[in-house]
Amino acid sequence: MRRLRKANLRWMFRETRLSPENLITPIFVDENIKEKKPIESMPDYFRIPLEMVEKEVEECLEKGLKSFILFGIPSYKDEIGSSAFDENGVIQKAVSRIKDEFPDVVIITDVCLCEYTTHGHCGVVRDGEIVNDETLPIIGKTAVSHAESGADIVAPSGMMDGMVKAIREALDEAGFESVPIMSYSAKYASNFYSPFRDAAESGFKFGDRRGYQMDIHNAREAMREIELDIREGADIIMVKPALPYLDIIRMARECFNLPIAAYNVSGEYSMVKAAIMQGWLSNEAIYEILVSIKRAGADLIITYHSKEIVEKLQ
Ligand code: PBG
């Protein structure tokens with residue numbers, strides 16, 4: 001076996017190649033700040049003020065990163081998350097600023113209510129319960145308002161049943177038949193989202209998300225979730241988190257022909273960064289993890305590591 005492992009040969013026999021085109025960079029846009037603000041639980045990652053969002057995109061473009069997923073931290077929250085679909089909301093403004101300056105970049109918007117509700121849940125709350133069907137028109141409206149401001153792809157992440165269908169119908173009715181949906185289809189109720197909740201101010205005030213996100217013990221159920229999303233009109237499916245769920249990515253790759261995105265989430269980022277800061281791992285570990293996600297079967301990887309790893313990929 002060692003014949004093909006010689007230093008000058010081994011690159012020829014690589015079965016998996018990771019390229020900048022595979023990476024999607026998350027941007028946290030905060031309407032309440034004027035300077036970049038470090039996120040304590042995510043070393044080297046920042047919240048970006050609305051006024052600096054084009055600059056952030058420009059920096060990434062210079063490094064060869066061309067697609068982004070946006071999360072908003074609004075100045076106003078209420079019970080139903082109405083700033084999520086406000087035409088002057090933080091995401092709507094951020095998308096149009098970016099698209100005005102860089103019409104060719106790919107802007108994906110996260111469609112969810114948790115950053116916009118006072119209780120921090122991903123749906124409307126009634127009597128302490130997160131109610132499914134009342135949430136659907138609100139996320140439909142949110143997706144349409146993102147499309148109106150210029151979003152290229154909308155990405156519902158709230159794990160409400162029927163969300164893809166509701167969004168597809170709302171988009172079509174508003175004349176956005178050509179806007180694709182990237183659905184967070186198999187999203188587990190994971191501890192690995194903890195740093196994100198700091199970053200996006202989306203921590204919940206009571207309970208947890210186990211009533212709507214998937215049980216971490218289940219794999220077949222993930223295939224059902226994905227199948228339903230495809231039937232409802234998803235164009236791209238997602239598995240989230242990535243590293244602890246490589247088996248699910250692989251299973252999805254074998255069962256479905258749609259493009260698969262994997263979300264290398266905040267906790268995956270923070271644990272590796274923590275070990276690197278201690279000197280226990282090096283940046284090579286980041287590369288190895290991202291390659292493993294691609295090798296498992298993901299076409300696209302949403303990752304906070306994109307800026308620090310992209311140079312290695314060119
Ligand atoms: C919002 C959302 C979450 C993440 C992406 N979209 C948090 C959650 O569901 O609690 C997590 C991303 C990450 O941890 O990097 N619904």
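Here the structure is a predicted model, which is why all the values come from computation and not from measurement. Order of listing sets the numbers, starting from 1, for every ligand and every atom in it.
- When heavy-atom distances to ligand 1 are checked against 4.0 Å, the residues falling inside are F71, D110, C112, C114, C122, S157, K187, F192, Y193, F196, R197, R209, Q213, K240, Y263, V265, S266, Y304, ordered by chain and number.
- Side-chain contact of D30 with N32: a donor-acceptor pair under 3.5 Å is present, judged by distance alone.
- With a 6.0 Å cutoff to the six-membered ring centre and a 45° limit on the axis angle, K273 does not count as a cation-pi contact of Y304.
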Item checked: Residue pair E59, K307: steps toward the salt bridge (charged side-chain N to carboxylate O under 4.0 Å, His left out) verdict -> CA-CA 9 Å; E59 272 176 42; K307 267 169 129 178; 3.6 Å; yes
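- Figure legend: K240 and Y184 shown without cation-pi pairing, the cationic atom not lying both under 6.0 angstrom from the six-membered ring centre and within 45 degrees of its axis.
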Next item on the list: Show the numbers, then the answer: is there a salt bridge (charged side-chain N to carboxylate O under 4.0 Å, His left out) between R295 and E15?
Entry: CA-CA 8 Å; R295 198 183 58 233; E15 299 172 26; over 6 Å; no
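- Every ring pair (Phe, Tyr, Trp, His ring centres under 6.0 Å) that Y245 has, sequence neighbours left out, goes to Y188.
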